[in-house]
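Excluded from the calculations below are hydrogen atoms, water molecules and symmetry mates; all remaining heavy atoms, backbone and side chain alike, are included.
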Amino acid sequence: MSDAATTDLYEVTMAMSYLREGMTGPATFSLFVRELPRDRGFLVAAGLESVLDYLSGLRVGPEDVDAFASALHRPPRDLEPLLGMEFTGRVRAVPEGRIVLAGEPLLEVTAPLPQAQLVETYVLNQLSHQTTIASKAARCVLAAAGHPVVDFSLRRTHGPQAGFQAARLGAMAGFTGTSNVAAATALDIPAVGTMAHSYVEAFPTEEEAFRAFARCHPGPVTLLVDTYDTECGVRVAARVLRDLGEHGPGSAVRLDSGDLGALAVRSRAVLDAAGLPDVHIIASGGLDEHGVDELVRSGAPVDVYAVGTRVGVSADAPYLDSAYKMVEYDGRPVMKLSSAKASAPGAKQVFRRPGCVDVIGLADEPASGGGRPLLETVMRSGQRTRTRPTLDECRERLAADLAELPPAARRIRAPVAPRATLSARLSALADRLRHGIEAETRATAVRLRGQERTVYGSQRSVRR
């Protein structure tokens with residue numbers, strides 16, 4: 001099977017029905033986040049490159065058809081209309097690394113309706129997960145206030161692919177390294193790491209463990225000091241590091257548990273007293289932007305922050321209220337009116353003015369108030385329209401957008417997210433379409449009630 005089968009079953013049943021009914025006109029679907037999670041003042045668009053890789057390589061093969069048929073308990077010949085389907089459409093999207101707000105499309109797909117429907121699940125999966133993690137990572141960098149942040153998340157992310165993505169997105173947000181060797185190699189970013197408590201426990205004493213490690217890795221080295229008694233561990237590490245001489249500079253001790261702020265203060269005092277002012281202190285152990293922010297605000301002498309589980313799974317906000325909704329079919333704008341889940345009609349554009357004062361308008365309207373359009377055409381006729389951006393380009397894009405965000409949106413505690421507004425043209429279209437749908441719904445309800453009265457009246461006459 002290919003990635004074409006990585007989809008929800010109802011995408012297959014709908015695509016098959018569209019083909020049977022001859023509904024292959026162009027459809028536009030818009031992917032957006034309805035509301036930001038709690039304690040988020042912004043989102044970082046991410047996952048687009050994974051989506052473009054998927055779309056450009058999509059082809060429904062015989063094994064995919066067999067999988068669909070098996071899932072539907074139907075013979076493969078019934079699913080053969082899907083065989084050979086490829087993505088031939090257009091994609092307009094917000095480039096990776098840009099800041100986005102609630103209600104703003106991260107991506108819009110325009111393709112023959114069966115294609116645009118079939119790809120929904122995979123596209124939502126990639127953009128939702130990666131935007132979640134990138135947003136969390138960006139907040140860690142903000143919280144660190146200029147101190148380096150590194151990624152230690154791989155061992156507890158939701159699978160190796162998610163771990164790779166966490167490393168990449170951390171690097172995009174400004175992390176200076178990752179413990180993930182595969183990601184570091186593939187992405188050309190620094191690999192970082194120290195030792196585990198098991199290493200220290202394997203030796204008769206901490207000092208023997210530290211000296212053995214230093215012999216194998218002559219410098220600089222980072223020693224984990226909290227296996228037994230942290231302050232004692234720092235003193236032992238200081239003795240070992242002092243003996244390294246010229247190999248000592250750039251070395252560090254790592255604090256992984258306990259009151260990290262208080263331990264960092266005591267550790268700094270021990271290291272300075274030993275004549276090791278250049279030995280760094282790395283803090284890890286359950287940290288995310290909230291823990292980092294607390295340590296930075298307290299003035300703790302921590303030089304590097306290592307974040308892991310809580311960031312790799314975005315523990316406090318592990319999902320986005322994202323949606324992929326059809327907004328136009330065959331030239332006809334459409335919208336959803338469900339309570340709390342309404343969607344705006346028509347292909348759209350986001351116009352950004354200084355300070356992230358955003359206006360969501362229709363794709364074909366001129367820029368509103370001098371705003372810059374965020375969505376760019378990144379795929380046409382199923383092929384990329386540009387080369388893959390580098391991590392540096394994405395990182396620079398994100399840094400520029402973060403600098404434009406209002407301070408209240410960048411806050412770690414109780415951020416206030418800016419709200420995008422709708423353009424006059426989009427508002428007018430939505431109102432006109434809503435009124436038309438509501439009028440048709442009322443007329444349908446009246447007609448059905450009339451039919452019910454006729455049926456019930458006939459039944460009473462028969463009973464008499």
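- Atom CG of Asp188 is surrounded by 12 or fewer heavy atoms from other residues, nucleotides or ligands within 6.0 Å.
- A donor-acceptor pair shorter than 3.5 Å cannot be found between the side chains of Gln383 and Ser56.
- In this structure, a donor-acceptor pair under 3.5 Å is present between the side chains of Gln165 and Gln126.
- A side-chain N or O of Thr121 and one of Glu11 form a donor-acceptor pair less than 3.5 Å apart.
- With 3.5 Å as the limit, one finds no donor-acceptor pair spanning the side chains of Thr194 and Thr222.
- Considering Arg395, Arg98, Arg372 as possible partners of Asp401, the one that fulfils the salt bridge (Lys or Arg N to Asp or Glu O under 4.0 Å) test is Arg98.
- Taking the six-membered ring where tryptophan is involved, the planes of His147 and Tyr305 are perpendicular, since the angle between them exceeds 60° and thus also 30°.
- The shortest heavy-atom contact between Asp256 and Gly285 is OD1-N, 3.3 Å.
- Side-chain contact of Ser2 with Glu63: a donor-acceptor pair under 3.5 Å is absent, judged by distance alone.
- A donor-acceptor pair shorter than 3.5 Å cannot be found between the side chains of Glu201 and Thr227.
- Applying side chain to side chain contact (heavy atoms under 4.5 Å, CB included) to Lys348 and the options Leu375, Val327, Thr28 leaves one that passes, Val327.
- Between the Arg352 side chain and the Ile99 main chain, a donor and an acceptor come within less than 3.5 Å of each other.
- Considering OG1 of Thr385 and CZ of Arg380, their distance stands at 6.0 Å, rounded to 0.5 Å.
- Tyr54 places no side-chain N or O within donor-acceptor distance of the main-chain N or O of Ala4, the cut-off being under 3.5 Å.
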